[in-house]
Amino acid sequence: MHPESARLTFREMRPDDLDDMALLLGDPEVMTYYPRPKSRDEAAYWIDWNRGLYRAHGYGLWLVSTADGGFVGDCGLTPQVVDGVTELEVGYHVLPALQGRGYATEAAAASRDFARTVLGATRLIAIIHPDNRPSQRVAEKIGLRPEKRATVHGGREAIIYAAAIDQP
Ligand SMILES: CC(C)(COP(=O)(O)OP(=O)(O)OC[C@H]1O[C@@H](n2cnc3c(N)ncnc32)[C@H](O)[C@@H]1OP(=O)(O)O)[C@@H](O)C(=O)NCCC(=O)NCCS
């Protein structure tokens with residue numbers, strides 16, 4: 001199963017998505033708030049990681065396309081440990097040429113609704129770099145609010161956006 005939304009289609013990533021995912025995750029602009037752009041091997045690992053999540057949990061980051069099949073990016077749900085607690089995080093990456101069209105907000109809202117209605121999740125977070133305003137806007141627009149600061153992923157400072165999602 002996967003989220004659904006008006007303009008976008010979602011599906012599980014496959015190994016043959018490597019060209020698209022390497023383009024996305026290797027883009028310096030998309031990776032501004034990550035340690036560095038990902039290599040092709042790291043993009044392949046990203047696909048493997050998500051395929052493992054689908055098998056283990058029934059969710060992960062899904063590959064997102066427009067209705068005509070054009071690759072947009074990825075968006076979805078991953079388990080993340082924050083302050084020793086495993087949380088459900090919504091994440092999103094959109095190709096630079098397709099940013100500013102509301103795609104990340106639409107995909108993140110659909111992922112939030114999937115978390116609530118399909119997974120029965122009651123809380124959703126987003127782990128966001130303090131300077132990453134576009135990502136913070138997406139989180140705000142799907143109802144998440146800044147909750148606390150935390151150190152994640154072996155030493156990076158982040159703002160934890162969060163909300164209860166048990167009520168539509
Ligand atoms: C974050 C990201 C996914 C947003 O994608 P998008 O499809 O352009 O997002 P949307 O069009 O749905 O909305 C973006 C919001 O951010 C705002 N925004 C975009 N660029 C901005 C900027 N430089 N400064 C401030 N706000 C900005 C938009 O105006 C919009 O908010 P608004 O409706 O209030 O105007 C995209 O910028 C991206 O891929 N960034 C790199 C990857 C990343 O950082 N992912 C998140 C990791 S936590």
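Indexing begins at 1, ligand by ligand and atom by atom, following the structure's order.
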One thing to verify: whether R145 and E140 come together as a salt bridge, which I'm taking to mean a side-chain N less than 4.0 angstrom from a carboxylate O. no
Can you spot which of L95, T9, L8 makes a side-chain contact (heavy atoms from CB on, under 4.5 Å) with V72? L8
What does the 4.0 Å heavy-atom contact list look like for ligand 1? V30, Y34, Y92, H93, V94, Q99, G100, R101, G102, Y103, A104, T105, I127, N132, R133, P134, S135, R137, V138, K141
Residues that M31 engages under side-chain contact (heavy atoms from CB on, under 4.5 Å), provided they are two or more places apart: L25, Y34, P37, K38, H93
Identify whether the distance between the nearest side-chain nitrogen and carboxylate oxygen of E106 and R7 falls below 4.0 Å. yes
Passing option when L88 is tested against I165, I125, L124 for side-chain contact (heavy atoms from CB on, under 4.5 Å): L124
Is R123 salt-bridged to D166, cutoff N-O under 4.0 Å? no
